[in-house]
Number of protein chains: 4
Amino acid sequence: MNEPSRKRTTSTDVAADRRKQILRAAVEVFAERGFHRTRVSDIAKHAGVAYGLIYHYFDSKDDVLHCVFEDNWAVFMKAIEGLRDDPDLGAADKLKAISALFIDALEVAPATIQVIIQEVARSDRFVQTEKINAFNAAFAVIRTIVEAGQDRGELRPTIDAEVAAYAFFGALETICTGLMLNAVPLRDHRHAERVKETVNQIMLTGLCASTKGP
Amino acid sequence: MNEPSRKRTTSTDVAADRRKQILRAAVEVFAERGFHRTRVSDIAKHAGVAYGLIYHYFDSKDDVLHCVFEDNWAVFMKAIEGLRDDPDLGAADKLKAISALFIDALEVAPATIQVIIQEVARSDRFVQTEKINAFNAAFAVIRTIVEAGQDRGELRPTIDAEVAAYAFFGALETICTGLMLNAVPLRDHRHAERVKETVNQIMLTGLCASTKGP
Amino acid sequence: MNEPSRKRTTSTDVAADRRKQILRAAVEVFAERGFHRTRVSDIAKHAGVAYGLIYHYFDSKDDVLHCVFEDNWAVFMKAIEGLRDDPDLGAADKLKAISALFIDALEVAPATIQVIIQEVARSDRFVQTEKINAFNAAFAVIRTIVEAGQDRGELRPTIDAEVAAYAFFGALETICTGLMLNAVPLRDHRHAERVKETVNQIMLTGLCASTKGP
Amino acid sequence: MNEPSRKRTTSTDVAADRRKQILRAAVEVFAERGFHRTRVSDIAKHAGVAYGLIYHYFDSKDDVLHCVFEDNWAVFMKAIEGLRDDPDLGAADKLKAISALFIDALEVAPATIQVIIQEVARSDRFVQTEKINAFNAAFAVIRTIVEAGQDRGELRPTIDAEVAAYAFFGALETICTGLMLNAVPLRDHRHAERVKETVNQIMLTGLCASTKGP
DNA sequence: AATGAATGAGAGTTCATTCAT
DNA sequence: GATGAATGAACTCTCATTCAT
């Protein structure tokens with residue numbers, strides 16, 4: 001797939017603002033109607049700009065989605081790569097931080113998260129065409145964290161790190177989706193905290209009440 | 001959304017066979033190209049029938065997908081409802097059985113699983129239009145199992161059962177997707193067993209190596 | 001450039017007829033409005049068929065033009081190749097026959113000739129894209145006839161055969177265009193004959209009244 | 001069609017220069033890509049100006065082409081009208097001079113000639129819209145020269161002068177086009193001279209080797 | 001039951017032109 | 001004069017669906 005366009009990268013602040021304005025509008029309509037039911041004119045109308053202006057800033061409707069993803073995902077990737085490389089944190093703490101990152105994002109920008117999960121991560125658009133899931137980089141980071149944790153004796157050595165990465169990520173992702181499908185994504189900040197707590201408990205210490213071992 | 005069609009329900013065995021033939025072809029092409037990149041004529045070509053015939057057996061292209069889902073999902077739902085109601089199994093065993101159901105299905109019919117996850121569960125088609133996730137019934141069953149397990153002291157009481165259901169389901173789902181994206185979905189039966197084992201370990205006893213409690 | 005489509009080559013006579021019907025309509029509207037001012041819907045309307053049907057029989061609007069050209073030009077090429085290979089005719093007679101072919105065609109099917117000359121032969125569409133003028137094959141045949149005539153002492157040896165081919169062809173072509181621009185392309189059959197006679201006189205014996213040589 | 005614009009006729013020399021600069025660039029890109037595949041921004045880019053500026057100097061994209069034509073064609077028309085009115089030249093010499101004019105122009109400014117022939121003379125843009133071929137003035141001049149030559153006994157009286165004008169002009173035109181389609185338009189000056197010689201021989205004394213008369 | 005020609009609404013994209021700066 | 005962001009009409013092509021045979 002082509003690189004998302006970097007057309008006229010901030011030749012002026014005005015251009016950058018317009019770009020952002022369109023991107024913001026796009027996220028909102030994509031979240032509301034879904035990518036493939038959204039017409040380019042919907043984005044334009046929502047952004048309050050003319051039809052053709054979209055094509056000043058983006059190559060195509062697909063490119064708009066691409067850019068929504070790249071702009072936001074890059075931030076997330078940078079954050080989790082930072083965690084991965086942090087020598088002062090244990091594996092469990094790193095995973096907790098990742099959960100927090102996700103859930104916090106869901107609180108702050110639910111539409112963006114929804115679009116990224118629904119229309120990019122899960123869309124056949126990405127999954128199929130590229131053969132390389134756009135999320136693979138994130139999976140790889142989590143896997144690395146898990147493996148490092150196993151090496152240092154912090155995480156159970158019997159677990160397949162790749163599968164663990166999928167499980168961890170999928171759990172987070174589906175929680176986000178599930179929560180979003182309810183009218184009010186996250187009732188309040190305390191709800192968000194409780195969700196984080198639950199994820200961490202499940203992933204790190206399991207559902208079972210019984211103590212480990214024999 | 002309309003009910004999936006039950007047009008001409010098995011007026012003859014021949015008709016039922018044709019229907020199955022088309023459905024099988026549809027699963028294959030949906031898995032390969034994704035629902036929205038698949039044309040009705042692609043399904044027809046793959047099934048070796050004229051594309052007008054598809055409209056004898058189904059109301060629309062959407063209806064074909066719907067039927068793929070319903071036909072297969074119904075089996076799965078019946079199975080997990082049976083587990084839920086089984087008085088002889090503990091919550092952990094029920095969840096293990098659900099994992100097994102999923103991973104086994106992935107081994108036997110990967111294309112079907114892929115279509116159900118990608119094009120139905122995750123598609124804005126279902127998620128958005130209906131406001132009611134097609135998977136909600138499954139979530140509800142898992143939630144019930146978790147809650148029962150908590151009541152009986154088998155599962156940790158501090159966990160939010162709804163979030164747990166999302167986490168459990170999402171983990172399974174993403175593992176399936178992740179494994180499918182690799183050329184060979186499941187290398188062999190032993191691989192499948194190892195995946196199940198990992199899921200169960202993570203979900204039931206957690207990633208952490210440290211023993212629980214003092 | 002892609003080969004003009006041979007979609008569904010006469011699977012039934014009905015299909016062949018429909019194809020011809022569209023092609024006939026296309027020639028008429030192309031002749032009237034010019035290719036690039038003609039919308040696909042104009043062709044459809046003129047042919048009395050639905051918009052989309054054009055795309056059953058042709059790949060694109062360009063393909064329609066391509067097919068107009070190929071279908072008709074092939075006939076002409078066959079004819080002049082036959083002349084080229086005829087051992088019983090002198091070069092002058094061959095050239096006369098070619099003139100007659102052109103002018104007769106102009107009488108019988110002026111719109112077709114117009115479209116071929118204006119929209120294909122002269123269009124940047126062909127001239128530029130292909131770097132190989134669609135008419136090159138015809139030029140080559142005429143050139144061969146001229147060279148053979150020179151070898152046999154029938155035509156002046158001092159003339160550059162390539163340039164002669166261009167001149168001969170261009171003269172014919174422009175006469176056709178010029179005549180067509182007048183309301184009534186060819187006033188009557190006698191007019192046509194007079195045009196042929198003039199072309200032949202000019203090309204074969206020149207404009208000058210003076211006798212050749214010293 | 002509207003008159004080509006004379007916007008801001010040389011209010012300053014700078015303006016005139018800008019105009020020429022744009023026109024020169026336009027000729028080059030029209031020759032390379034063809035008029036209808038050339039975007040206004042292509043002209044601007046090639047001229048090194050902002051594309052809005054083109055609308056300071058010209059009314060529209062069509063107007064640019066129009067001006068390319070007018071500016072150059074006017075020179076040619078003036079020349080052949082001078083020839084027509086020259087009492088000291090015979091008809092044959094006048095026609096030879098016209099050939100020379102064309103071929104020389106092709107040597108000096110091939111792109112300009114190409115644009116004039118392809119995009120103006122032959123374009124449905126002019127041919128159709130105006131019903132009056134932009135070249136009609138030139139045809140008329142040549143026709144007048146031929147008729148005068150016939151009256152003075154220099155040219156064959158049996159020839160239709162109108163048709164002769166088309167033939168002469170078309171021959172020249174197609175030779176130009178044909179030569180241009182080869183990588184190197186005119187190999188060298190000697191080639192140009194040979195081409196002129198051939199045209200003159202063909203048009204004035206014919207292709208046939210046999211002497212005229214009984 | 002089966003076919004595939006026929007339909008036409010719908011959507012993405014292009015690009016000449018305008019205009020505020 | 002000069003710029004290029006902004007506009008939106010125009011147009012091609014796709015494809016789900018219908019229907020005569």
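Values below: every heavy atom of this structure, side chains too, minus hydrogens, waters and symmetry copies. The chains referred to below are lettered A, B, ... by the order of the sequence lines, with proteins before strands, and numbering in each begins at 1.
- Between C/L53 and D/V49, it is D/V49 whose nearest contact on DNA chain F lies nearer the 5' terminus.
- Going from atom CD1 of B/I43 over to atom P of F/dT17 covers 10 Å, rounded to whole Å.
- Candidate nucleotides F/dA2, E/dT17, F/dA6 were compared by shortest atom distance to the side chain of A/Y57, and F/dA6 ranks first.
- The side-chain heavy atoms of D/D71 and D/R19, taken from C-beta on, include a pair separated by under 4.5 Å.
- Between the side chain of C/K61 and the backbone N or O of C/T38, at least one donor-acceptor pair lies under 3.5 Å.
- Nearest nucleotide to the side chain of D/A50, out of F/dT18, F/dT3, E/dT18: F/dT3.
- Here B/R18 does not reach the OP1 or OP2 of E/dA1: none of its side-chain N or O atoms lies under 4.0 Å away.
- Distance A/I22 CD1 to F/dA5 P: 12 Å, rounded to the nearest Å.
- When the nucleotides E/dG12, F/dT3, E/dA2 are ranked by their closest atom to the side chain of A/K61, E/dG12 comes out on top.
- Between the CZ atom of D/R39 and the C1' atom of E/dT13 there is a distance of 12 Å, given to the nearest Å.
- Between B/Y55 and B/V40, the closest side-chain pair of non-hydrogen atoms falls below 4.5 Å.
- Two residues, A/G52 and A/T38, neighbour DNA chain E, and the one matched to the more 5' nucleotide by heavy-atom proximity is A/T38.
- The partner of E/dG10 is F/dC13, by the rule that a Watson-Crick or G-U pair needs both atom distances under 3.5 Å.
- Remark: the backbone N or O of D/R39 is paired with a side-chain donor or acceptor of D/D42 at under 3.5 angstrom.
- Straight-line distance from the CZ atom of B/R37 to the C1' atom of F/dC15: 15 Å, rounded to whole Å.
- Separating the NE2 atom of D/H36 from the P atom of F/dC11 is a distance of 13 Å, rounded to the nearest angstrom.
- No side-chain N or O of C/Q21 forms a donor-acceptor pair with one of C/R24 less than 3.5 Å apart.
- Counting non-hydrogen atoms under 4.0 angstrom, D/S60 reaches the backbone sugars and phosphates but no base.
- Side chains of B/F58 and B/L23 form a contact here, defined as non-hydrogen atoms less than 4.5 Å apart.
- When both pairing distances are held under 3.5 Å, E/dA20 makes a Watson-Crick or G-U pair with F/dT3.
- In this structure, C/G48 and A/V40 both approach DNA chain E, and ranking their closest nucleotides by distance from the 5' end singles out C/G48.
- Looking at B/H56, its side chain has no donor and acceptor atom pair within 3.5 Å of the base of E/dA1.
- Across all strands shown, E/dA1 has no partner, as no Watson-Crick or G-U wobble contact with both distances under 3.5 Å is found.
- Atom-to-atom, OH of C/Y55 to C1' of E/dA5 comes out at 17 Å; the value is rounded to the nearest Å.
- One can place CD1 of A/I54 at 15 Å from C1' of E/dT14, the figure rounded to the nearest angstrom.
- Residue A/Y51 has no polar side-chain atom (N or O) positioned under 4.0 Å from OP1 or OP2 of F/dG8.
- To the nearest angstrom, P of F/dG1 lies 12 Å from CZ of D/F58.
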